[in-house]
Structure formats: C-alpha cells, structure tokens
K.L.:
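What follows is a structure written as structure tokens; I'll ask about it next.
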Amino acid sequence: MIQPVNISMDVLNLTTLAPMLVAVVGALFILVIDLFKSNLDKSLYVMISILFLFVDLIAVYESSLTFMQNGTVIGLFDVMQIDGLAIVSQFIIVIASMLFIPLAMTSKRFHEYSYPEYFALFLFMIAGFQFMVATDNLILIFVGLETASLSLYTMIAMHNRAKSFEAAVKYFTMGALAAGFYSFGAMVFYAITGSVEINQIAAVLDANSYKNLGYVFVAVAFLLASFAFKLSLVPFHTWAPDVYEGSSAALAGYMSIVPKIAAFIVTMRLFEFLVHSDIVWLKAILYAFVIITMTISNLWALVQSDVKRMLAYSSISHAGFAMAAVLIGTTEANTALLLYWVMFTFTNLGSFSMLWISRQKNLLPGQSSDHSYEKFAGMIKTAPIPAVIMGLFMLTLAGVPPFALFWGKLYMINAAVISGYTFLAFIMAINSAIAGYYYLKLIVYMFMKEPVDSRYEKVYTKNLSLTLKTVIGFAAVGTIFAVFAINPLLNLIGGFVYNSGF
Amino acid sequence: MEKYLYIALFAPLVSSLFSSLFTAKPKKQFVGVIASLLIATSFVSSVILGFYILGGGEAIHVELMTWINTGGLYIPFGFVVDEISVTMMFVVTLVSMLVHIYSNGYMDHDPSFNRFFAWLSAFVFSMMVLVMSDNFAGLFIGWEGVGLCSWGLIGFWYYKESATWAANEAFIMNRIADLGMLIGLFLLYWNTGSLQYDVVFSKVALLDHSTLIWIGIFLFIGAMGKSAQFPLHTWLADAMEGPTPVSALIHAATMVTAGVYLVIRSNPLYDLVPEVGIFIASLGTFVAFFAASMALVNRDMKRIIAYSTLSQLGYMFAAAGLGAYWVALFHLMAHAFFKALLFLGAGNVMHAMHDELDPFKMGALKEKMKWTWIMMTVASFALAGVFPLAGFFSKDTILEAAFVDHHYVIYGVLLFTAALTAFYSFRLVALIFHGNDRYSQFGIHPHEAYNYMLWAMAPLFFFAIIAGIMQTPFFEMVEEALNAREYHIHSEAVKWIMLIGTQVLVIASIFYAYRKYNRNDITVPDGTSKTENRLCYKVLFNQYYIPYFYEEYLVKPYRELSGLFWKKFDLRVVDATVDGIAKILYNTGEETRGMQSGNLSVMLRWMVVGLVILLIFAGAVGLAVRYSDKILSFLSALGV
Amino acid sequence: MLENILTILIFFPLIAGILGFAIDKNSFRAYGIAVSLVEFVLSLLLWFYYDPNIAGMQFVETLPLIPTFGINYFVGVDGISMFIIILAAFFTLIGIASLPKTPNEKNMIITLLFLQMTMVGVFAALDAIVFYIFWEFSLVPMIYIIGAWGGPLRIYASIKFFLYTFAGSLIMLVGMLFMAYFYYQTTGVWSFSIEDWYNLVLPKSYQIWLFLAFFIGFAIKVPMFPFHTWLPYAHGQAPTIGSVILAAILLKMGTYAFVRFSLPLFPDASVFFMVPIATISIIMIVYTAMVAYAQEDIKQVVAYSSISHMGVIILGTFALNVEGISGSIFLMIGHGVVSGALFLLVGVIYERRHTKLMSEFGGLAHVMPRYAAIFGIFLMASVGLPLTINFIGEFLSLLGFYKQSHILTLVAGTAIIVGAIYMLSAFKKAFFGNVTKEENKNLPDVNKTELVALIPLVAITIWLGVYPKPVLDPINKSVTRLVKFMHEKSRTPDGKIRIQDPLKVKTKKVCSDCASCKEGE
Amino acid sequence: MFETVAFYLFAVLVTVSFFIAVTTSQALYALTALASGMILISGFFFILDAEFLGAIQIIVYSGAVLALYAFGMMFFDTTREVKEKKGNRIIIASLSVLSVILVVLIFAAPVVSDNIVANYPVVEGIGNTEQVGIVLFTKYLVPFEVAAVMLLVAMIAGIVLAGKKMDVSLTLKDDSEINNEEKVLS
Amino acid sequence: MEIGLSHYLILSTILFGIGLYGVMSRKNLLMLFFATEILLNSVNIGFAAISHYLGDLTGQMFAFFVIAIAASEVAVGLGLLVVWFKRHNRIDLDEMMSMRG
C-alpha cells in the first residue's frame, strides 16, 4: 500500500531553495507586470532584475553563513546540496549577472530589450544555473542546464538579425546533441551504480573498485563530451566563435562567464573522484583536452580579424586553462579555478562591454563584421579614454601583472607546479605568451595605427550611457585593484572549497 | 718636492683643458703661447726633480687618491719619481716643450691651431701619467691616454681619408697589444694581489717560473704594440699622416718608447726570465734590421725617419732584452733628442716644400735652408752613431753589451744595421740638401723656417751633440735602480778594434750614400729604372708586402665575415628562427581555421569525432590496462 | 618620509602621471621636467642617506599584499640596486628635458613616467612577485613608445619586443613558483621574499633546472645570444628617448636579475653554467661586435654595441668573485650612461636629417664640431678608455673572470679590440672626411636643449671614470656580502673552489705560491 | 519467451523506423517513421513494467511533439526538396558505426551489479503510476518544478520567437527611425 | 535466450548511433531535429531497462525528465526555425554559413 508521505519541513531545508526561488519569482514578477502594463521601459526591468538578484545574493549570503557554521547543507530529499562550491559559484553567477544585466541600458535600442520576456528569461536562466551548481543529482543538473540553455538560445535569437538566428540555431542544435551525450552518459553511470547522484556513484564505484571499467569509460566519455561542449573544449568548441559573433556583445560576454562556471562546477563535482581514482585514461584525456584546447584555440585566435571572434577563441583558451584545475584536482587547483574565474569575470565584463559600447547598428563601409580590428585603428587619437580602458582589459587578458587575470594565472600555474605538473605549467606559460600576440594586436591597432576612416571615430562610444559607464568603471577598478582583493578572496574561496571536500 | 711633482704632472693637463676651451674658435696665438709656457713649467719642475734625484735624493712617492678599490683590488692614483721616471720626465717634458714652441710656427696657418695644442698637451699629460705612475694600472691609463691622443693627432686633419685611416689603424693595433698588456696585469694581480710596482716586484721572486714567463710575454706584447714592434709595426709608418711635430714628439721621442719604458720598469720581472729577455732582444734585433731595410728604399721623407725610429726601438729592445736596461734607457734618451731634431728638421723642409714628402723632388736645399741642413745633418750623424755625437755613446754601448754577453748574432746584425742606418740617413740628407735642385720644376719656392722654430730646435741640437757626456752621470744615477753595470770588453785591443771598426763601417756607409745620391743626374723615379724593378727593391719598397697581407688576409676577411654574420647569420638564421617559430604558429592557425567552416553539419560532426576519439582512446586504454604500470611510469615522467 | 622613500620613489611618477592627464598638453613638458626632477632629487636623497657601511638592504619596507600566499610588497635597496635606480631617475629627467618636438608629447611624457615607475620598482623590489609585476609591466609603456613614435617597422618591432620578453618572463614565473614551492616544502611557509629564498639551500639538480627557467627570462631581457634579435629592431625603430631608456635601464634589468636571483639562489648551478654562459658572452662580445661593424645605420651600430657590452657584463657577473661582480654592476651603470648618451647623440643627428645611415653623413666634424667632440668622448668611453666610466667596469669584469678562466678571458678581452674597430670605423664614416652631401653643409651644431642632456652625461662619464669610489664602495660592500654568502651556501666542492670567500682570499693571495698554502687547499 | 520475441520484434521495428526517419529524403516519410518509432518505443516501456512512462511517451511524443513537427512541416513547406549532399556519407556513417561498435563492445560485457542499492525500489503490488507519483513528488519534487519552469521558458521562447514582434527588427533599424515609427503609432 | 540488460543497452546504443547518423547527415533542420529526438528516445529505452533490471525507479524518473526536456527543446527549436524561415524562406543548414573561420 501506499504510505502517506510524512516529512517534516525542517528536514526539507527549504532555505536551500531560496536563492533560486527568488530568481524564479523575479522572472514571474516581470511577466506579471507585463500582463498589467505593457510597453514599459527596459530600465524598469533592468532594475527589477537587479533588485531580485540582489535579494538572491542575500539569500546566497545567508546560505554561506549557514555553510560556515554547519558545513554542507542538504535539503529537499537530498536533491539540493549547498556546499562551498555551490555557494562560491552562486556568488559568481549572481554577481556576474548583476553586472551584465545593466548592459541592456544602451543608448541605442536593440530588439531584445523591448521584451520584458527577455529579462524574465534572464532570471530563469540564472535560476537554472543556480540549480545546476547546487545539486549533485544528475537529473536536476540536466533540467537546470536545459532551463538555462533554452533561455539562452532564445535570448540570443531575440537580438533579431540574421547572424543571431544563425548563432541560436547552431548553438541549439549542438546543445541538443550534447544533451543526448549527457543523458547517455548518465544512463551508463546509472547502469553500473544504480544511482544518478554523484556522491552515490562515487561511493558505489569505489566499493566496486571500478570493476566495470569499460562502462565507466563510456560514461565518462559521453559526459565529458557534453561538458566539453558547454565548456567549449576543442573539438567541441565549434559553436563558440559563431555564437559569440552572432549574439550581442553583452550576451556573448555573459556566455563566456556564467554558463561556463556552472559547467565547471558540475565538472569538478563529477571528475573530482574520477581524477583521484587513478584512472590513467581519464588523466591522459583531460591532459590532452587541456593542452589542445589552450594551444590550438590560441592559434586560431591569432588569425582572427574580428575582435569579438578573437575574444571568443581567447575565452576558449581561458576555459582550457581553467580546465587544468579539474585535471590537477587538488584543493589549490579548485581554488585557483574559482579565483581565476572571478578575475576573468571582471576582465571579460570589461572587454565585452567595451565592444558593446562601440557596437553600431549597420556595418561601417569596408567592414565585414561588427568589431573588426580596423575599426579600432587609431582609437587613441579620437577616443583616448576608451582606448586606454580597452587596452587595460586586453593587457589583463594577456596576463600582464598586476591586473586581475595575472593572479588567476599565477595561482593556476602554481597549482600545477605544486602538484608536480611541470610540463603542464610550462605549456601554460608558453600559451600565455602566444596569447599575448592577439591581445597586443588590438592594442597595436588602437594605439599605434592611424585611423582608417574619420567616420569610425564616432562609433566607439555610440552606445554609451551612464549605466554602461558605471559597469565599465566597475570592471576597470576591479581589474586594476584586483591585487588587494586576492588575499580575502583566496581565504574565502579556499575555505569554501576546502570545507566542501574538494 | 711633491709640489714639483704635481706641477710637472698637472701643468700639461691644465694646458690641455685651457686649449680645449678654444677648440671650436678660430686660431688664437695666445693659446699656443700659454700652452708652451705651461709645458715649460712642467719641464722646469722635471728638471728640478731631476737634479734632486741626481743629487741622490730619495724617490718621491705620492698617493693622490684611491681610484679603484674593490674586492682585493686596490688601485690608487699613485705617482713615483725615481731614477727611471725622472729620466723619462726629463725627456718627455723637454721634447714636448720644444715641440710646443716649434708648433706655434709650424701650425701657424692651420685653422685648428687651438685644437692642436689641446691634443698635444693632453698627450703630454698622458705620457707623464704613464711614466710617473707607481702602478701598472696607472701606467695603463697613460698607455691608453697616449693612444687616444695619438689617434687624435694622427687623424688631426680628419678630412684626409688617409689620416683618419692611419689614426684608426694605430688605435686598433695598439688595442691588440693592450689586450696582451691587460692579460699581463690580470696575471700579476691574481698572482701577487696587487698592481703596485713595489708590491709586485717584491713578490715576483716567489712566483713560479712558468707564470713569470707568461707575465713577461704578455707585458711585452703590450710593449710591442706601443713601440711598434713586428708584427704590429705597420701603424707607425702610416702614423706619419699626422702633423710633423706630432711625429717628432709622439712617434719618435716619447710614446713609441713607452714599450721600452715598460720593459725597463719591469726589470725585476724580466731579470727572472732570461728566456723572455732573449726573445725580446732577438725580436728587437730583427726589427732593427727589418725596419732599416725598409728605410733604404723608401721615398717618403717622414716614413724613412719613422723606419729609422722603428729600427732604433729595436736597438733599445735588444739592449733591454739583454738586461742592459740602463743602456736601453740611455739610448732612449739620446734617440729622443736627435730623432726629434730630425723630425722637426723634416718639418721645416715640408713647410718649405709645401708638404712635399718625396726627397727625390727636392735637392739642393742647403742653400735655402742652411740651419735646417746643419741640424739635420748633425742629427743624422748622431743617428748613425758617429763619434762624438749622442748616438755613438748609446748605440755603441748596446753593441758592446751584446758582444760582452756573447750574443754574437745579435751583435753582428746590429752592427750591420748600424751601417744601414748610416746609409739611409745620409741618402736622405743627400737627396734633400745636396745635388741639383729638382723642386723648382714643381713650382715650389722654399724658404727657411721661422727663427723661433729654429731656436726651438736648438736645445735638441745641443743635446744631440753633447748627450754623450751625460753617460757617466746617468750611469751613476740609475746604477742602483736598474742594477746597471759597465760593459768592459776584456781585451783593450778588441775594444779599440770594435770601436774603430764600427766607426769605419759607419763612415764608409755615409760616403757610399753620398756618392750614390749626391749626384746631379738624380731624377724623380718613375718606376722604369732597373733598380726599381728588382724583386728585392720591390719587396722592400712594399714593406715586405706586410700591409698588403694585413689588408688582404685580415681586414678584408674581417669585413666580409662581419657582413656575412649580419646578413646571413643574424638575419637569416637567428632572427629567422624566431620569426619562423612565430610564423609556424600563425600558419598553423591559418591552416587549421578551416575546421571552423561555419557549417552546422561539420560542427556536429566534429563533436561526434571528439566523442569517437574519446571512445577509441577508451578502447585502446581498456586493452592496455594490463600494461598500466608502464604507462603510469611514462606519464609520471611527464609530470602527471 | 625617509622610511617610505622607496615607495615614494616608485609611486610618485605613477601618481604624477595619472594627475598629468588633467594638464593641458601645451604646458606638459614643464610638468614632466618638474616631476622627473623631483624624482631625481628624491633618488639623490636616497643616496645621501644610504649608509655605505651597511652591506645589506636598506630603506626596507614591507606591506602584506597576499599574506596567505607569502606575497608582500617588500622593497629595499643595497649597493647593487641603488645606483641603477638613481640612473633610471636621471635618465628619465634628461630624457624628458631633451625631448625634441614630438607629436602627442603629453602621451609620451605620461608614458615615460609610468615607465619610470616600473624601472624603479624592478630594482627596488625584494619580493619575487612584486619584481615580476614591475618587470612585466615595464613592457607596456615601452611598446607604446616604440609602437606609437617609432620608425616604419615600429609595429613589428614592438610586437617582437613584447612577445619575446613576455614569453621568456613567463617561463621565469614558473621558475619563481617552483622556487616558492620548494621554500614552502622546506619551511612550511609560503614566501616570495628574495631574502627568504636566499636561505634556502637546494640540491644541485634542482638548482640547475631553476637556473635555466630564470635564465630564459633574464637572457631574453639582457639580451643574450641567440635571443638578441629583438633588440636591433627595438632600437632601430624606437624614437630616441625609447632607445635611451631601453639601453640605459631596461636592459640592465636582465643583468641585475642575474646578480639578484641567479647567483645567490643557485650558486652551484651558477658554477655549473659558468663556462657555457661565458661562452655565450664571448659570442655576444665578438660576434655582435662584428655584426655591428657591418651595419650601415649608426643607431644599429650602437644597438649591437649594447649587446656586445652586455656580454662583458654577463661575463663579469659570472666571474663569481667580488672584482668581477662589482665590475659588472659598475659596467651596468657605465654602459647605461654611455649607451644612453650615444643614443641621445644619434637622436640629435636624426632630428636634423631624419636619417641614420652613415653613408648619408661624412665630415660632420666640420659642420658640427661640438657634436663631434661630445660624440668622440662617448665613443672613447664606449671603447673603454681608462678614466672613463666604462673602463672600470670592463677592466674589473675581465679581471674578475680571469680568475675563472684564462683562455676565455683572453678571447673575451678582444672586446677592447673589436669594440674599437666598429666604433672607430663608424665614427670615421660619419664624422671624418669631407662634407659630401649638400644637406649636411648647414647643419646646426648641438643646441642648448641637447647640451642640457649631454653635458651632465659627459660629466658623469668622466667623474665616475676618475673617481668611482662613491659608487664603487657601496657596490663593493654589497657584493662582498653576496659572494661570501654564495660561498657559504654552495654545496658542491666545485662551487666551494670557484666561489671563494672574499674575506679569506686576500690573506691567501699573499702567499699564493708557497708550499704550505698549497697543501692547505 | 514472450518477452524475447517482443523485444526483438520491437527492436527491429524501432530500428527500421528510425533508420527510415534519418535516411529518407521525404520529410513526410521521416515524420511518419519517427512517429511510429516513438510509439513502438513505448512498447518497450510496457514490456519493462514502466506503464507510466509508456503512457507519457505516447502522449507527449505523438500528441505534442509530433503535432508540433507536423505543424512545422506545413509551415515550412517541406514538400520542397532540400538538397542533401551525399558526399560525406561514408565519413558520417563510419563515425556513427564506429561509435556504436565501440560502445557495444563494452556493453557486451555484463554489468557487475555489486553494491548497488535500489534507492527507490519498485514495490510489488503497487501500480507503476503510483510509485512514480510518489517518487516524483518527494525526491524529484525540485526537478519537477524546475521542469515546469523549463516548460514555461520553452513556452515563452516559442511565443516570443514565433511572435509578430520579431518580424521587424529594432536591432537593424536606426534609432531615429524607431522613434518616428513610435510617434506615428501613438 | 533470456533478454538481459545488455540487450537493451545495445539496442539503445544502436538507436543512439542512428540518431548520431541523422544528426550528422541531415541538412534539413527540421529533420535534423527529428534525429535529436531519436537520441533522447534511445536513452530513454536504456533508462527504462536499467530501472527494470535494478528494480529502481530512478531510471524512470530520468526518462520522464528526458521526455520533458525533449518536448521543451522541440518548442524552442521550432520557434527558432520559424524566425529563421521567416527571413530566409528555407531551412537548409548549408545556407547558414555567414560566420566562419
């Protein structure tokens, strides 16, 4: 007979759901407002989103306090798992979102911002990512991932021009394939462990001492393929440049940060025990992934003629760089990954915002893409301050100290060094050097060349508004003074990561 | 007495700095006068010091300040006035003073009159530092300083290609030797812990013999450069591109003798290594003959005198090498007088002949330039070593020394060279002053030099005649410092035979020279005469083809190799490698970017390919699991 | 104030530069001169209050930056670094003061001020990461100077410069991280302080690898053969001021780093690599001197001569004794002054004729006598004439290395010959002979602005050549400490022999050949 | 025995219909084949005692998904032939076959089922639907709700993307143009 | 012969392979989406089978969510196709090559 379900609310730990719920409620709230009064200005929605995200942030903060007291909180039938990784990554997700949403407040009007639904989708997406990182249940991960992805596809397409449709379709189709991979991988794990929870999978595999090695291989291969798609590791990266180019710069920047950190968290959860299980195959595979991704995407970035595509390839390379942390798998490495990503958030926020403010509606004469290098030629002469700021972000991306990303790189390489991955550290260093070229190329165009066409000089700040200025200023300050934030961040992240057992 | 030391040392510096203030200005007569006065001050001080030392005074030793002090190395600006340095000071300041005075006239019409005095005084200062320093490093300062001034003065007429070329050649050749000298200094320092003469010489006896030999050789290499010994001799003849007073001062009387001075100064060292001494003496003898032979046929008045200088330097080295340091020093002094006189006389002739140097184009100048003729003739007699002029005393002693020490080959060669010396000296005198006048066909109207120029030459004339009587007091003075001894040939008869034989030989040479060149049918050689086409003549005239050899086999290859290194190696190999790496990276990107075809199907296929690769790898590993140990060890080598 | 003087020295130009954005561009030069003058005076204060009797670090400041990871803002100077800092301040001052008319003058001066910050920072940093920050950041203003104001190939040159040095220093960074990790393993504490690292004694095999990692970074910066090819481009394309700073200060970063890092951290590896590095130095000296001889562009001659001189500096550094290292440090200063001055001089003529090809000149001594005289002075300093600043450094470097290898020193000593060859021939081509080109007939001689820059340099060249004591003494003191320290730290027998205790050497030398001492060895 | 026969029957049928679905060039055939394959798959679910899933499969796929596709086909006018290049068939086929073979090789080995604890065991005597319901609303409550959000997102996406407002792109228009139009509208 | 879990898994794999083939070969976007449905369905069979053989309901849960996800994807995918089709009047993916390199 069916027993009545009788569970006390305390055990459920409903607070674990709070942050995501806030986001969902915010999205619904926006939809409801639209029901009552349409044609409201985008600024309203932006601010509402930020407000809800702020509440979301507070909720995350609350859960972080709980974590600091009680350790990992498990809620809602063990589905929600709020550990340090979840908290840190939620911080990153929410804060990054708060910083990226205001980019909607351009002085020019773009199609997607005329929809309140856009902001609703944005919040749904955030909720999806938050679910992804706050659980170790493969089902919830899958559902959260799809929620976020579907929102993202739609938002890309809402930019409403041929390239953005193309981008959305490509992303969508490949995402569907990746979803297939994911589910197949999950199925195989389920077959050998009878569970879809990562902890359980690990426990069972351990207890069986990996007897079903072939099955594990298949499962890992499929899951890795699907996450490699999300993380844009070569050769699963092919969507990234096209999608970045097709979507608005604001969204492209967002895509380079938030979905990836969510995917990284899941990857870390999934591979942490596998990496430590002495499966040589997995290590070798990850090693190859990391090195190939870092290197070859760098080489592709070298030959780009469009800044946004270049940044897309550079993001791929950075993802490869961060992926090294998963390979290394130590606490230091995981901490380094998160630190790297925090730094990367600020830097990419800045650089994509700079692209965003220079976005023009129609292509300039003689240009084949939105942000070709030539467009920036001689920028120092016509728009010195934006040029300096853009240069700053490029230097940061290249890892020139003392700017933000340098510290990320430092810790990442250090993590490799202390775990004995000398060769990897060496490759990382070499790749950073190669990467210097294409970032420098933009600086060269901006600072050392003469403007090609006097018409260009107006475009650099065409899209600028006070809000965007603020965001860019925030990013710039963040990158310049990152050095002072490293120590607290390091302690914080390190503590969270260590106490979650990673 | 110290103040005289400082005056002697720094008066030339003041003179140089003062003159250099006016370098960019047109000629100022007072510059020359003041410079000459300051050098005269220096001379007077030197004389005072000389008398002090001559009177048995203690050597004066001062330390001005620290120069370099690091690690175990301590080098002060220290100066010493002892028997050796005071001799040199006397010679240097005397000749310099006279040359300064003389130059007032000689450089009369030169637009760079002021600059000339700046350089010239700077040279005197450097020379004084060289001879007065109490350590090897200070000597090296002066050493390089005189090199610099020599560069500036040879290339004084910098618009002349040949002059600047000669200047650079002199500088670079000297540098080659300086390297040897530096190595010598390093050896001294690391073996004795100091570069001070007194410390070094007190410790040389403790060093092992091979080290000493090396030190001796390297120091002598330094001396070879400055004193233009074979094979570094070519610069001296080319240095005659400079103004003639410069040749008189630097390339006859002072700088070129610095090498001899070094050997004399290092006598405690060379005493310990007689092997090196023999080598020095042999080389000196060789150079004496070698240079004299080239002087026989040369057709450039100044070059002839330069070769004679070279030859006489050979004599000095021969003496120094044989341990007869005091003889070498004495010859150095005597040589300075008559050779400077000879050069200044040549300067007069050049002035008169509008810088014509070929003696074949002169002739019969004795009527027009009586005093010059007299002085040059006397100087030539002195050079030839005719009794009772200066050269007789100094040169003859060298011969005696060689004979007494049983170095008969050296003796023989030197004796023969003495005859050659007499011949080329009077070949020159005869061609210039005697015979028919051949200059008028070139439209030249010679005249005697200014009186004060002649007066400036007078003291040299005087010393060239009477220097012989200074031999005994000089000997007494340096007896202790240089461990000097008289050379006495055992048998009185042998002694007289030698003396008279030498004189006869010399005078015979002189007569031969006169007979051959004091003729009225002498014409300007045009390369057609039989003599000129003789192989022997050609070899000598082309200086044994040594400059040609240097140009063809050293300079040219160096230039070509440099070009090769730059164009072929640096740009094509080293730089191209770096660029090549960058290019390979870039091209790899360019080649493989086709992977991003933009076609969705292809993108999806890439994803599947990735998956299949993962699976294949999985399969491969699954098979290889049993070899996991080996794989593990391989990967751990990679740092996994 | 005095306690924080280094911090002020480092960040004053930065702040001044940032404030400078607000200043009108027509009045900017005065501002630049004022700022750099203040900086220079401050650096002189540093010297004034420097206690020459203390060999160790002075004016030390510490501020935790990332204490968890042992990264601190930790600065200080000793005799080795102080004078290069002063030189940096000095060259910035005269660089700005003698700046010819430049487009975007304001940007240029601000960039120079930024550059100055990094230069001072590199030489003052005692924390590896802080050092690295300044080291890397110095590239940024430099590429801007080259790339924005340079010649036709400026972009190629600046990219090459940046990437080359960037790649090298990243490998160096890996080395630093390893070093810190070893320190952590030994002590359980993270630290990037160089002074802490000094206390770490590593096995020779570790030392060798770490030495190589550091070496790549330093060697490219120096630049050592065969990593030198960026330099001719950078110099050839850079504007005068860029070349001056590059040659005078930036190149010294590499050689300084050898003294600061490689020698004391890896004494055994230094001994191990002494001969190979000396060989490279010799190649640098002779080979680049020959390449310099083949140049047609007078600036390239000076550029290649820089490489050649850097060879001597490296050689002196790896003499591993007080004489050699002091000499190499003194030569850093000397070469800074002289090559900086030579580049300034080349700039003077470039301003007038907009060409640097020697074939375009000839007979300049006629039309520009003062210019020729000053050029001649620096020429002679460059070939290492005694009583000029370069001689002391070169002499001591070679002297020092002679202790280690006689043959190599003999070959390296050809520096004084080959140096004279290319320098004199260049001088001859440009200055001697008759004026053949019509354009050259009426060239104005050096003007007051240029003299303002050149006269002090002449003064320094001769002053320090005649009386190096004020500079050499502190250097000597610090170097003695360094060598003594290396001697104590070295673990291999070879190291003990090669690196002799500087305090004992003196006594031993007196009786170096008597039997009793030989038995003792 | 029945199970075996049914398995093979369904397996063959599903494979064939899916194969047709991916190879035929006629969209209508493909859709029909897909639909039949979907429905046949539910047969497996019934065999495997997952009646609830079987029902959902039929309802969702043939009811919703295929209806949507059918609508799409009409909208997109798929009677028009899309040229399908045949060039790379071999690569594609070999890639898929290779992946299948690799996985199948591994799957041929039986699963070792040690240490597996059924977290939500199938209880005898209770209908599959009830069981599923219990698990779904306890353990999988959160995913369920998130799935609801996901469907909402999909709905919004569908509405927004297919909506009329997308026909005119503000992104491509100049701001002045947009403002003018708005004035006209108001 | 007893039908074991392996049979189902192999069937699932084969169907997955068919799906992969479709995904890679289809140029008509609509038909490409069919293939993605096949991928997900093949996995569902596997889940149901495992669930059956383990006697555990989780597999069915997973399959349930997969179905939900498939349905959502269809909605979004069709929406994207609609906007694309409105602009270009065709849904051939070879037309979609404006971004490359």
Side-chain angles (χ1 to χ4, degrees), chain D residues 3-4 7 11 14-15 18-19 21-22 27 30 34 38 41 44-45 48-50 53 56-57 60 64-65 68 72-73 76 78 82 84 89 92-93 95-97 99-100 103-104 107-108 110-111 116 118-122 131-132 135-136 140 143 147 150-151 154-155 157-158 161-162 166-167, chain E residues 1-7 9-11 13-22 24-28 30-31 33-35 37-38 41 44-45 48-49 51-52 54-58 60-61 63-65 67-76 78-83 85-86 91-92 94:
Chain D
E3 212 183 325
T4 314
F7 172 79
V14 168
T15 313
F18 279 172
F19 188 72
V22 296
L34 185 70
M38 302 278 194
I41 279 179
F44 287 114
F45 295 157
L48 293 166
D49 302 328
L53 214 52
I56 294 280
Q57 172 84 5
V60 173
V65 173
L68 269 175
M73 273 176 62
F76 301 139
T78 36
V82 171
E84 304 237 340
R89 278 293 140 88
I92 297 165
L95 273 177
S96 357
V97 170
S99 56
V100 169
V103 178
V104 164
F107 281 179
V111 182
I116 294 180
N119 293 311
Y120 299 93
V122 178
Q131 291 182 20
V132 168
V135 179
L136 198 58
Y140 289 104
M150 177 180 69
L151 286 166
M155 194 179 78
L161 292 176
M166 287 293 279
D167 292 352
Chain E
M1 197 177 82
E2 191 63 32
I3 299 299
L5 179 53
S6 290
H7 289 76
L9 288 180
I10 289 169
L11 174 67
T13 312
I14 290 169
L15 293 180
F16 196 86
I18 292 172
L20 281 183
Y21 176 80
M24 286 188 287
S25 65
R26 282 305 191 192
K27 301 288 178 181
N28 183 321
L30 191 69
M31 286 154 90
F33 290 170
F34 292 176
E37 297 299 332
I38 295 175
N41 270 290
N44 278 354
I45 294 176
S51 171
H52 176 76
L54 294 181
D56 180 68
L57 279 172
T58 311
Q60 292 184 27
M61 288 294 105
F64 172 78
F65 284 108
I67 291 171
I69 285 164
S72 320
E73 278 190 352
V74 169
V76 176
L78 278 175
L80 289 172
L81 281 193
V82 168
V83 282
F85 185 80
K86 277 188 192 165
I91 47 173
D92 183 352
D94 283 339

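Lettering of chains follows the sequences in order, A, B, ..., and the numbering in each one begins at 1. Excluded from the calculations below are hydrogen atoms, water molecules and symmetry mates; all remaining heavy atoms, backbone and side chain alike, are included.
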K.L.:
Any side-chain heavy atom of E:E37 within less than 4.5 Å of one from D:M38?
P.N.:
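SC-SC contact between E:E37 and D:M38 confirmed.
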K.L.:
Determine the option with the most heavy-atom pairs under 4.5 angstrom with chain E, choosing from D:V97, D:L136, D:L95, D:L151.
P.N.:
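So the answer, after comparing D:V97, D:L136, D:L95, D:L151, is D:L136.
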K.L.:
For D:Y140 versus E:T58, what's the shortest heavy-atom pair and its separation?
P.N.:
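Between these two residues, the closest heavy atoms are OH-CG2, 3.2 Å.
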K.L.:
Report the option among D:G158, D:A64, D:P143 that has the most heavy-atom pairs separated by less than 4.5 Å from atoms of chain E.
P.N.:
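With the most close heavy-atom pairs to chain E, the winner is D:P143.
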K.L.:
What is the distance from atom CE of D:M73 to atom CG of E:L30, rounded to the nearest 0.5 Å?
P.N.:
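So the gap between those two atoms works out to 7.0 Å.
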K.L.:
Taking atom CD1 of E:I38 and atom CZ of D:F19, what is their separation to the nearest 0.5 Å?
P.N.:
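Going from the CD1 atom of E:I38 to the CZ atom of D:F19 covers 11.0 Å.
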K.L.:
With chain E as the partner, which of D:V14, D:V103, D:T15 has the greatest number of non-hydrogen pairs under 4.5 Å?
P.N.:
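Ranked by contacts with chain E, first place is D:T15.
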K.L.:
Give the minimum heavy-atom separation between D:S96 and E:M24, together with the two atoms involved.
P.N.:
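So the minimum-distance heavy-atom pair works out to OG-CE, 3.6 Å.
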K.L.:
Are E:L20 and D:V100 packed together at the side-chain level, in the sense that at least one heavy-atom pair is separated by less than 4.5 angstrom?
P.N.:
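SC-SC contact between E:L20 and D:V100 ruled out.
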K.L.:
Less than 4.5 Å to any heavy atom of chain D: does that hold for the side chain of E:L11, its backbone, both, or neither?
P.N.:
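For E:L11, the side chain is the part near chain D, not the backbone.
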K.L.:
Chain D heavy atoms under 4.5 Å from E:F16: which part of the residue, side chain, backbone, both or neither?
P.N.:
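Looking at E:F16, nothing touches chain D.
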K.L.:
Using ring pair (Phe, Tyr, Trp, His ring centres under 6.0 Å) as the criterion, list what pairs up with E:F65, not counting sequence neighbours.
P.N.:
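Partners of E:F65 by the ring pair (Phe, Tyr, Trp, His ring centres under 6.0 Å) criterion come out as none, since no residue qualifies.
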K.L.:
Taking only residues two or more places apart in sequence, or in another chain, which ones meet D:F45 in a ring pair (Phe, Tyr, Trp, His ring centres under 6.0 Å)?
P.N.:
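Ring pair (Phe, Tyr, Trp, His ring centres under 6.0 Å) check on D:F45 returns nothing, list empty.
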K.L.:
Heavy-atom distances under 4.5 Å only: say whether E:L15 touches chain D with side chain, backbone, both or neither.
P.N.:
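For E:L15, side-chain heavy atoms alone lie under 4.5 Å from chain D.
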